[in-house]
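Structure record follows, encoded as structure tokens.
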Amino acid sequence: MPFYVTTPIYYVNAEPHLGHAYSTIAADILARHMRQRGEDVFFLTGTDEHGEPVAQAAERLGTTPRELADRNSVRFRDLAARVNATNDFFIRTSDPEHVAEVRRIVQGLYDSGHVYAGVYEGWYCDRCADFKTESELVDGKCPIHLITLEKRHEENYFFRLSSFQEALERLYAENRDFVSPGSRFNEALNFIRQGLEDISISRSAISWGVPVPWDERHVIYVWIDALLNYYTALAYAREGEDLTERFWPATVHVIGKDILKFHAVIWPAMLMASGLEVPERLFIHGYLLMDEHKMSKSLGNVIDPFQVMDLYGTDALRFYLFREVGFGQDGNVSTEGFETRYTTELANEYGNLASRTLAMVSRYRDGAVPAGEPPAALVAVFEGAPEAIAACFDRSDISGALEQIWERVRELNRFVAEQAPWQLAKDPAQAERLDSVLYGLVEGLRVVSLLLLPIVPEAAERLLIALGAAHERSLVAARFGAVAGGAQTGELPQLFPKIEREPEPSAA
RNA sequence: GGCUCCGUAGCUCAGCCGGUUAGAGCGCACCACUCAUAAUGGUGAGGUCGGUGGUUCGAGUCCACCCGGAGCUACCA
């Protein structure tokens, strides 16, 4: 089955931060998991580059929008690589292929009567160079500059969003998991039910954008341009091949809650208007908070993902984000929480389990995994595990999958304590039992690591190799007992070494 | 104002279609073990399940109201 997953495309004006890493890692975990299931996967990420803010920033820096976009896009590409994202393509909305396709699609909307010329009327703030909504106004003044605003008119092209009211309501009625979590589904549906207005999809007086094909005085509103990336990329992501047939419609768009409406309302309407299929579902994740507040540079409460990865590794970050905060919810992250999870779970429970298991196999059986009887206790623990985890991933429930996996890790540690192999080793009469215990541990670790592969790919791979499980990486192989004994284990440096961190120099 | 969601052990949260003594993880206390990255395992501490009133043989789990908190209520991306 084709599985097409996307991240939002990131606006090049922003500094790559933890939130970007979060979306990208989430989509990557889903992509890796589906590949493990043998599905035909396409994973897309990229950058959104048009629009006034980029043009303004470029002007401030004395450069061109294109140069600025080139420079900043690389940083997002670097971030994706740094978090070990396995994206199949990195789209930029400035790609000529994308631009051409956006023009073609928008022209189609115009030709089919879904777009018309109209007048946008609103309160315009000169200082912001921007229109304000009624609800934003404070006593009829700009909330930022507190100056009286004038009513301004602008000729725009409008998309008949209002004509998709019923179609959208039907989409939601017939597809209860079009948007998840459920609260976001309700939020989007509620918005639709309130009545949709047409939206303007062009801007004049801006030049950094995709020109409207039939009226080049205008450029296409960046959001229209940006949303289309999910579709346009397929046509040129692979040279000499059009993947559209194969992967459209997208399986899941991973997005943050701040861009819900664009994806849950405007986007499906645009697709319907263009005669294209709508995506199967959207998964909306929450915000990563610090001390209950959204991270922001001005508050100084940011976690730099690069810094974390430099210190603890990429796997640790990938693990932490989905372990600490239920995927789909808002949640607090902190360096303290990070260190606790890293030490207690990755280093102690998983890493140390690997160390003790390998040490015992080496010490008691010269590094050869014994062909023991699968211990009944562990057979029970792993019964149905791959299926349970796959079911979580089918709902994009990464945190749920991780919890399922971690319960097994804990069971393995419990098993070691109960069986006390070091006692069995003292009694030659217990050799068979020791074989069984050691085999069970190796096999349990192998299964757990296979299941963990999408989340902590580097560490899980290293451990699998050390366990002598050289080849098979599919989910099918994650069945307890699928591999018999006989493998030779190898050396394994600590998977997650304890990090000695310099005590914070107390701020004066 | 309207709509949605939430309020369960010190902390973070599970509790599906209502049903035996309300659970997990962290933190804390004590105990056990020594294979291991001084790691692991066990036990305990007893929370009016926000409040009140209902429905029911029986409600954390359904209904009403109240208190407290969060989000959305359209064109910054």
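Predicted model only: the values in this text are computed from it and were never measured. Side chains are part of it too, since the values below use all heavy atoms of this structure and drop only hydrogens, waters and symmetry mates. Letters A, B, ... are given to chains in the order of the sequence lines, protein chains preceding strands, and every chain is numbered from 1.
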What does Arg184(A) touch in the nucleic acid at a heavy-atom separation under 4.0 angstrom: a base, only the sugar-phosphate, or nothing? sugar-phosphate
Rounded to the Å, how far apart are Glu403(A) CD and C26(B) C1'? 12 Å
Can you tell whether the side chains of Glu15(A) and Arg75(A) come within less than 4.0 Å, N to carboxylate O? yes
Roughly how far, to the nearest 0.5 Å, is the CD atom of Glu197(A) from the CD atom of Gln165(A)? 10.5 Å
Picking from G25(B), A77(B), A74(B), the nucleotide nearest the side-chain atoms of Arg410(A) would be G25(B)
What is the nucleic acid contact for Leu196(A), judged by heavy atoms within less than 4.0 Å: base, sugar-phosphate only, or nothing? base
Could you tell me whether Trp406(A) contacts a base, only the sugar-phosphate backbone, or nothing, with contacts defined as non-hydrogen atoms closer than 4.0 Å? nothing
Answer yes or no: is there an ion pair linking Glu52(A) with Arg203(A), defined by an N-O contact shorter than 4.0 Å? no
So does Glu403(A) pair up with Arg323(A), basic N to acidic O under 4.0 Å? yes
Bracket string, RNA chain B, 5' to 3' - pairs by Watson-Crick or G-U geometry under 3.5 Å, | interstrand: (((((((..((((.....[...)))).(((((.......))))).....(((((..]....))))))))))))....
Output yes when at least one side-chain N/O atom of Lys261(A) is less than 4.0 Å from OP1 or OP2 of U73(B), else no. yes
With heavy atoms under 4.0 Å as the rule, sort Gly195(A) into base, sugar-phosphate or nothing. base
Check every strand shown and say whether Gln329(A) touches a base, only sugar-phosphate, or nothing at a heavy-atom separation below 4.0 Å. sugar-phosphate
Side chains of Asp427(A) and Gln423(A) only: does a donor on one sit below 3.5 Å from an acceptor on the other? no
Which residue pairs satisfy the salt bridge (Lys or Arg N to Asp or Glu O under 4.0 Å) criterion with at least one member in residues 351-365 of chain A, sequence neighbours excluded? Arg365(A)-Asp435(A)
Between Arg414(A) and U40(B), is there a side-chain N or O to OP1/OP2 distance below 4.0 Å? no
When all nucleic acid strands are considered with a 4.0 Å heavy-atom cut-off, which category describes Asp48(A): base, sugar-phosphate, or nothing? sugar-phosphate
Using 4.0 Å as the upper bound for N to carboxylate O, is an ion pair formed by Glu345(A) and Arg410(A)? yes
Residues Glu373(A) and Ser436(A): side-chain donor-acceptor under 3.5 angstrom: no
Does the protein touch nucleotides 31-39 of chain B at the base, only the backbone, or not at all? Give it as B, S and - per nucleotide, heavy atoms under 4.0 Å. --SSBBB-S
Sugar-phosphate, base or nothing in reach of Tyr11(A), heavy atoms under 4.0 Å: sugar-phosphate
Can you tell me, in whole Å, how much space there is between the C1' of G18(B) and that of C63(B)? 13 Å
What contact category does Glu197(A) fall into here, base, sugar-phosphate, or nothing, at under 4.0 angstrom with non-hydrogen atoms? base
